[in-house]
Amino acid sequence: MVTGKTQVFGLIGNPVAQSFSPFIHNSLAQALGIDMTYVTFPVARGSLKDAYRGMKALGIRGMNVTVPYKGDIMAELDGVDEAAAKIGAVNTLVYEGEQVKGYNTDWIGLWRSLERRGVGLKGRRVLILGAGGSARATAVMAAKYGAVHITVANRTLEKAQAITRLIGNTYSVKTSACSIEEAEITEGYEVIFQTTSLGMYPKTEGCPIRKTRCLNTADVAVDLIYNPEETQFLAAARQAGCQTINGMEMLFFQAVRAFELWQGQRVPEDVENRCLADFKDAVAEKNNGTKP
Ligand code: ATR
């Protein structure tokens, strides 16, 4: 029940109506008996500064930020966490005293989704398809968790090079950048991340690779897309014998991490598992129009 004391959290972005964040945060709060509510705020282009001032004036206790404001919000904040600065995107605003600090929880969400399935990156050769914001978060995660070589392959080569420069200058990892056409016929990658929007609903026939030689040596393939559950890329990877992981748990765990930053406590594993199961049902219901 929402009362006069209920703390308000929210999401700013545009669009936000399709977001699963209210479902995840409100189910975590309910499971843990925390008196909070989480709502979405669609913010019109040009109104980001006003929205940020409004958040502070109204005493909103924490905010998630999504497309298209993950980069622009950084200029407003009192501080930005080191990983978020490297990624160049903030998705979570946290009060530290009177100051508001920006974090990026996408890369932690991705890491937790791998860890849960026993996938490690230490000493491994990683290929990242795409060079947008999600690719940046993936590259920072792979570098932080010990990948020995990271290749970024992208349609626009300069964007791949910008990421490998950043990672190579910051972490002790070897890097290379190439075209997708080159990457798809190269062997030696052990873990492959698909971070482009190709294959996402409703254009589910899309796939960034046409040749699948790169899958021959890989044992894990990850697609950050969660709708459909199995993209063309993941289907090809499964047929090549890879363990496949979609973006569903990444989405869940980026929210869990934001929740933890706001509440200053780890979400217990049993609560996490229960809420994750409910979340998967909710996604399936929305994706298929029916409950599995
Ligand atoms: P996000 O923040 O989700 O990563 P983004 O920053 O818009 O989204 O990045 C989209 C990625 O998908 C980019 O790597 C983009 O390639 P370019 O950098 O060359 O634009 C890739 N992408 C999108 N549509 C594509 C297409 N039709 N073919 C190949 N790559 C595509």
Side-chain angles (χ1 to χ4, degrees), residues 11-16 18-21 45 48 64-74 83-92 102-111 113 126-143 150-167 175-186 189 192-212 214 221-228 231-234 236 245-255 258:
L11 169 69
I12 53 175
N14 199 347
V16 288
Q18 79 301 340
S19 172
F20 281 104
S21 292
R45 282 197 184 264
L48 180 62
N64 281 136
V65 182
T66 189
V67 177
Y69 303 123
K70 284 175 158 191
D72 292 349
I73 192 68
M74 290 168 73
K86 293 253 161 11
I87 295 165
V90 155
N91 75 333
T92 306
Y103 289 84
N104 184 303
T105 66
D106 289 332
W107 68 278
I108 302 175
L110 180 57
W111 172 247
S113 78
V126 167
L127 168 64
I128 298 171
L129 299 168
S134 317
R136 246 168 212 271
T138 304
V140 166
M141 177 212 62
I150 298 173
T151 303
V152 181
N154 196 44
R155 176 178 62 180
T156 313
L157 186 61
E158 298 76 51
K159 281 167 71 181
Q161 287 166 333
I163 297 182
T164 53
R165 253 196 316 274
L166 171 86
I167 300 300
T175 61
S176 50
C178 66
S179 66
I180 291 186
E181 289 74 17
E182 185 181 335
E184 67 186 1
I185 55 163
T186 303
Y189 308 117
I192 305 183
F193 293 90
Q194 195 306 98
T195 75
T196 76
S197 49
L198 292 170
M200 193 186 288
Y201 179 85
K203 295 186 178 165
T204 53
E205 72 291 343
C207 183
I209 57 169
R210 264 171 262 140
K211 303 200 175 96
T212 57
C214 60
V222 184
D223 198 321
L224 271 57
I225 293 171
Y226 64 90
N227 184 12
T231 57
Q232 295 292 331
F233 170 75
L234 282 191
I245 300 176
N246 69 20
M248 189 119 59
E249 294 190 3
M250 173 188 180
L251 178 62
F252 178 77
F253 286 108
Q254 65 74 28

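As the structure is a prediction and not an experimental result, all values here were calculated from the model. Order of listing sets the numbers, starting from 1, for every ligand and every atom in it.
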Practice prompt. List the steps, then state whether side chain to side chain contact (heavy atoms under 4.5 Å, CB included) holds for Y201 with I225.
Written response: CA-CA 9 Å; Y201 179 85; I225 293 171; over 6 Å; no
Discussion item. Could you go through V152 and T175, starting from their C-alpha distance and side-chain angles, then the distance that decides it, and tell me whether this counts as side chain to side chain contact (heavy atoms under 4.5 Å, CB included)?
Written reply: CA-CA 8 Å; V152 181; T175 61; over 6 Å; no
Worksheet, complete the sentence: Between the OH atom in Y226 and the CG atom in N246, the distance rounded to the nearest 0.5 Å is 10.5 Å
Worksheet item: Just checking, is any N or O donor in the side chain of Q194 or T196 under 3.5 Å from an acceptor N or O on the other one?
Response: yes
Response to the item:
Per the under 4.0 Å non-hydrogen criterion, ligand 1 touches G130, A131, G132, G133, S134, N154, R155, T156, K159, T196, S197, L198
Practice prompt. Decide whether N91 and N64 meet the rule of one side-chain donor and one side-chain acceptor closer than 3.5 Å.
Written response: no
Worksheet item: Distance only, no hydrogens: is a donor on one side chain within 3.5 Å (strictly under) of an acceptor on the other, for T195 and T138?
Response: no
